[in-house]
Asker: 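After the structure tokens below, expect a handful of questions from me.
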Amino acid sequence: MQPFRKFALLFVALTGALPALASDLTLEARLVWGVNETQDATHKPVAADLSSKLHGMFKWSNYFDITNQVQNIPLNQSRDFKMSDRCVLKIKNLGSSRIEVSCIGQGKEVCKGTHTLEPTQWLVLGGNDKNNTAWFIGLREADGGLAKVK
């Protein structure tokens, strides 16, 4: 009886650990435009949690959603997020909430890095744009309550 009990405990321990090791990542990516003024009433302001983070870090008075995508990325695989005609993100799921992000702007790599996503927190990448404006990419793990996979 003792050997069976050890086997059962080992089996439960191993099968319980597998989902943690081999986890897909559902990632939300938002392209945001930072500007002080806008004349276009069709621009939709970003959600309050992302807006608060951006206002705490940057100088612009308005932040608008341009693109919002959600995709599932299996462990050790990559997905492309087409954020605009000029911007593509190549994101690889490294496991344990770690991602490798390559931002491609107008066909050229603009930035590349490895990041750890904190639960419910936005990771923000960005750069300057013309006319004293800026672009930002907000990334976070998505759950069923945050967004739907498109």
Side-chain angles (χ1 to χ4, degrees), residues 3-35 38 40 42-60 62-129 133-150:
F4 175 76
R5 187 172 178 202
K6 286 181 182 178
F7 174 78
L9 288 174
L10 179 62
F11 178 77
V12 169
L14 288 176
T15 56
L18 286 177
L21 293 175
S23 63
D24 290 357
L25 174 67
T26 302
L27 190 69
E28 178 178 8
R30 290 183 180 263
L31 176 61
V32 175
W33 180 42
V35 63
T38 182
D40 192 340
T42 63
H43 288 137
K44 180 183 170 196
V46 297
D49 58 341
L50 181 53
S51 177
S52 175
K53 177 152 186 142
L54 292 168
H55 276 100
M57 295 171 61
F58 303 106
K59 68 177 185 175
W60 288 271
N62 299 297
Y63 298 95
F64 297 103
D65 263 327
I66 304 300
T67 307
N68 179 21
Q69 287 194 25
V70 177
Q71 290 192 50
N72 186 48
I73 310 172
L75 182 65
N76 295 321
Q77 292 188 26
S78 298
R79 292 289 183 265
D80 289 354
F81 289 69
K82 184 176 180 186
M83 304 309 293
S84 73
D85 289 338
R86 296 181 278 171
C87 177
V88 174
L89 299 177
K90 295 183 180 292
I91 302 176
K92 182 175 183 178
N93 177 3
L94 302 175
S96 300
S97 297
R98 291 190 47 79
I99 57 173
E100 180 180 84
V101 180
S102 178
C103 184
I104 312 297
Q106 297 180 336
K108 297 178 183 174
E109 187 172 78
V110 176
C111 63
K112 184 175 184 175
T114 303
H115 308 277
T116 300
L117 299 171
E118 299 295 329
T120 72
Q121 297 297 309
W122 288 100
L123 168 68
V124 176
L125 309 172
N128 292 325
D129 204 356
T133 64
W135 60 268
F136 301 96
I137 302 287
L139 299 169
R140 72 175 172 187
E141 287 188 66
D143 65 28
L146 293 174
K148 295 179 182 176
V149 175
K150 294 180 181 179

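Just so it is clear, the structure is predicted and the values come from calculations on it, not from any experiment.
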Asker: Supply the atom-to-atom distance His115 NE2 to Ser97 OG, rounded to the nearest 0.5 angstrom.
Answerer: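 Taking NE2 in His115 and OG in Ser97, the distance rounds to 14.0 Å.
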
Asker: In a check of side chain to side chain contact (heavy atoms under 4.5 Å, CB included) between Ile99 and each of Leu25, Thr114, Thr116, which one passes?
Answerer: Leu25

Asker: Take Cys87 and Ile137, measure what side chain to side chain contact (heavy atoms under 4.5 Å, CB included) needs, and give me the verdict at the end.
Answerer: CA-CA 10 Å; Cys87 177; Ile137 302 287; 4.3 Å; yes

Asker: Given the rule in the side chain to side chain contact (heavy atoms under 4.5 Å, CB included) test, do Arg79 and Ile91 qualify, once you have shown the distances and angles that lead to the verdict?
Answerer: CA-CA 6 Å; Arg79 292 289 183 265; Ile91 302 176; 5.8 Å; no

Asker: What pair of heavy atoms forms the shortest contact from Phe81 to Ala29, and how long is it?
Answerer: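 So the two residues come closest at CD2-CB, 3.7 Å.
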
Asker: Atom NZ in Lys92, atom CG in Asn76: separation rounded to 0.5 Å?
Answerer: 6.0 Å

Asker: Return the CZ to CZ distance between Arg30 and Phe64, rounded to the nearest 0.5 Å.
Answerer: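 So the CZ of Arg30 and the CZ of Phe64 are separated by 14.5 Å.
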
Asker: List the residues meeting ring pair (Phe, Tyr, Trp, His ring centres under 6.0 Å) with Tyr63, not counting sequence neighbours, and say none if there are none.
Answerer: His55, Phe136

Asker: Taking side chain to side chain donor-acceptor pair (under 3.5 Å) as the test, write out the residues that go with Lys90, two or more places apart.
Answerer: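 For Lys90, the residues satisfying side chain to side chain donor-acceptor pair (under 3.5 Å) (neighbours in sequence not counted) are Asp80.
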
Asker: Roughly how far apart are Cys103 SG and Lys112 NZ, rounded to 0.5 Å?
Answerer: 12.5 Å

Asker: How far apart are the closest heavy atoms of Asp65 and Pro45, and which atoms are they?
Answerer: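 Shortest heavy-atom separation between Asp65 and Pro45 comes out as OD2-O, 4.1 Å.
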
Asker: Please report the shortest heavy-atom distance between Leu31 and Met83, naming the atom on each side.
Answerer: N-CE, 3.4 Å

Asker: Between Leu75 and Gly95, what is the shortest heavy-atom contact and its length?
Answerer: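 In terms of heavy atoms, the two residues are closest at CD1-CA, 3.3 Å.
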
Asker: Mind checking what makes ring pair (Phe, Tyr, Trp, His ring centres under 6.0 Å) contact with Trp135, not counting sequence neighbours?
Answerer: none

Asker: Evaluate side chain to side chain contact (heavy atoms under 4.5 Å, CB included) for Leu117 paired with Leu27, printing each intermediate quantity in order.
Answerer: CA-CA 10 Å; Leu117 299 171; Leu27 190 69; 3.5 Å; yes

Asker: How far apart are the closest heavy atoms of Gln77 and Ile73, and which atoms are they?
Answerer: O-CG2, 3.1 Å

Asker: Count the heavy atoms belonging to other residues, nucleotides or ligands that lie under 6.0 Å from CZ of Arg98, then report whether that count exceeds 12.
Answerer: yes

Asker: Decide side chain to side chain contact (heavy atoms under 4.5 Å, CB included) for Leu139 and Leu89; before the verdict, give the C-alpha distance in whole Å, the side-chain angles of both, and the deciding distance to 0.1 Å.
Answerer: CA-CA 11 Å; Leu139 299 169; Leu89 299 177; 4.1 Å; yes

Asker: Between Gln121 and Arg140, what is the shortest heavy-atom contact and its length?
Answerer: O-CB, 3.4 Å

